[in-house]
Amino acid sequence: MDKVSVQLTVMQMCSEPDVEKNLAFIKHQLEQLPIEGDHIVVLPECCLFFGGKDAEQLALAKATAKDNSLVKSLAVLAKKYQVILVAGSIPLLTQNGEKFTNTCCVFSATGEQIGRYDKLHLFDVEVDDSEKSYLESRYTQAGDTTTVLAATDKINLGLSICYDLRFPELFRELSNYGANVITVPSAFTKVTGEAHWQVLLQSRAIENQVYIVAAGQSGRHTNGRETWGHSMIINPWGEIMTSLDQMPGCATATFSLENLNKVRKSMPIQAHNQFITKLK
Ligand SMILES: O=C(O)CNC(=O)[C@H](CS)NC(=O)CCC(=O)C(=O)O
């Protein structure tokens, strides 16, 4: 394996409204991953609590705000299994205590929190499924900043969550600020996922010449809601390197800086772009 390679893993889950059960599932999956070199593991949106009643997430955010227990339990896993953990999302109570942010926390392999991103685009959308309409903004407060962070000496990680995938401006901004891997923890609905998930992911990879690491919720959840799954890892040429169908589990692919540089050198779209904000 060349020196600049890093392992990327998507973990697909069918999370329940039960934090301990979800933690046990994540732990069981991490136990089976090889520990060698740098390894980035991406969990889905709402990895620790999903498929309950809408108000339950807010209750969880309130109950765990004082001791920060959701964050701590994820930090422990990153350290124990020595992986860089992009912990999909968890609900974190806002300052005024009225809502929560849908937040992705990133932990180093030594268990330090090295990044945070609050979902920018909230899913207030009508869908032709059993839910009929989604109103994420009822309990969730949107974020107001984008996040790119150095995850290893070769990887600048750009963070997004689920519905953000439909806003190419966010991905352009992340890649302008140096992201070469963008993570997309998700809970796409079955209906919209079937129609749009893969083509959106491939588009974001191709137009920004980045690796896309997209980990989804999958299956039928306790409240009857159905999510699409089909977690995948896509390279900067837009090829699907590995993917899952509906079953929970993990899939791994290798990041190569050489491959990324080759794609960007042969087709220098960043330099050619007439619309880009010149950053420096
Ligand atoms: O509310 C929760 O419990 C957790 N959050 C979610 O499931 C979020 C907001 S409802 N789902 C999405 O963003 C789906 C996007 C999507 O499906 C699309 O863009 O097509």
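In this chain, residues are counted from 1 in sequence order. Just so it is clear, the structure is predicted and the values come from calculations on it, not from any experiment. Note that ligands are numbered from 1 as they come in the structure, with each ligand's atoms numbered from 1 the same way.
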According to a hydrophobic-cluster definition based on side-chain heavy atoms being under 4.5 Å apart (Ile, Leu, Val, Met, Phe, Trp, Tyr only), do L85 and I40 belong together? no

From S203 atom OG to Q198 atom CD, the distance as rounded to the nearest 0.5 Å: 10.0 Å

Taking only non-hydrogen atoms of F50 and a 4.0 Å limit, the atoms of ligand 1 in range are 3 (O), 4 (C), 7 (O)

Count the heavy atoms of every other residue, nucleotide or ligand shown that sit under 6.0 Å from CD of Q95, and state whether that count exceeds 12. no

For Q209 and S175, which I'm curious about, is there any donor-acceptor pair between the side chains at under 3.5 Å? no

Counting only heavy atoms, which portion of W228 has something under 4.0 Å from ligand 1: side chain, backbone, both, or neither? neither

Between Q217 and ligand 1, which residue portion shows a heavy-atom distance shorter than 4.0 Å: side chain, backbone, both, or neither? neither

Can you tell me the protein heavy atom closest to atom 4 (C) of ligand 1 and the distance? C46 SG, 3.1 Å

hydrophobic_cluster_shared for I161 and L149, side chain cutoff 4.5 Å: yes

Do L8 and I155 pass the side-chain contact (heavy atoms from CB on, under 4.5 Å) test, and can you show the C-alpha distance, the side-chain angles, and the key distance before you say yes or no? CA-CA 11 Å; L8 306 170; I155 292 190; 4.3 Å; yes

Just jot down the ligand 1 atoms closer than 4.0 angstrom to any heavy atom of T189, in number order. 17 (O)

According to the interplanar angle, ranging from 0 to 90°, do the rings of F50 and H221 count as parallel (below 30°), tilted (30 to 60°) or perpendicular (above 60°)? perpendicular

Protein residue, atom and distance nearest to atom 7 (O) of ligand 1, heavy-atom basis: R225 NH2, 2.5 Å

Measure the distance from atom 3 (O) of ligand 1 to every protein heavy atom, then report the residue, atom name and distance (to 0.1 Å) of the closest one. Q57 NE2, 3.1 Å

Would you say NZ of K66 has more than 12 non-hydrogen atoms from neighbouring residues, nucleotides or ligands within 6.0 angstrom? no

Does Q7 form a side-chain contact (heavy atoms from CB on, under 4.5 Å) with V83? I'd like the steps, not just the answer. CA-CA 10 Å; Q7 299 304 109; V83 295; over 6 Å; no

Could you tell me how the ring of Y163 sits relative to the ring of F167: parallel (under 30°), tilted (30 to 60°) or perpendicular (over 60°)? perpendicular

Within the 4.0 Å heavy-atom cut-off, what E194 brings close to ligand 1 is neither

Measure the distance from atom 12 (C) of ligand 1 to every protein heavy atom, then report the residue, atom name and distance (to 0.1 Å) of the closest one. C162 SG, 3.1 Å

Determine whether any heavy atom of K119 lies closer than 4.0 Å to an atom of ligand 1. yes

How far is atom 19 (O) of ligand 1 from its nearest protein heavy atom, and which residue and atom name does that atom have? R166 NE, 2.7 Å

For atom 5 (N) of ligand 1, what is the nearest protein heavy atom, given as residue, atom name and distance? E45 OE2, 3.6 Å

Quick look: A187 vs ligand 1, heavy-atom contacts under 4.0 Å, and the answer is both

Heavy-atom distances under 4.0 Å are what count here, so tell me which part of H196 touches ligand 1: side chain, backbone, both or neither. neither

Contact atoms of ligand 1, heavy-atom distance to T192 under 4.0 Å: 16 (C), 17 (O), 18 (C), 20 (O)

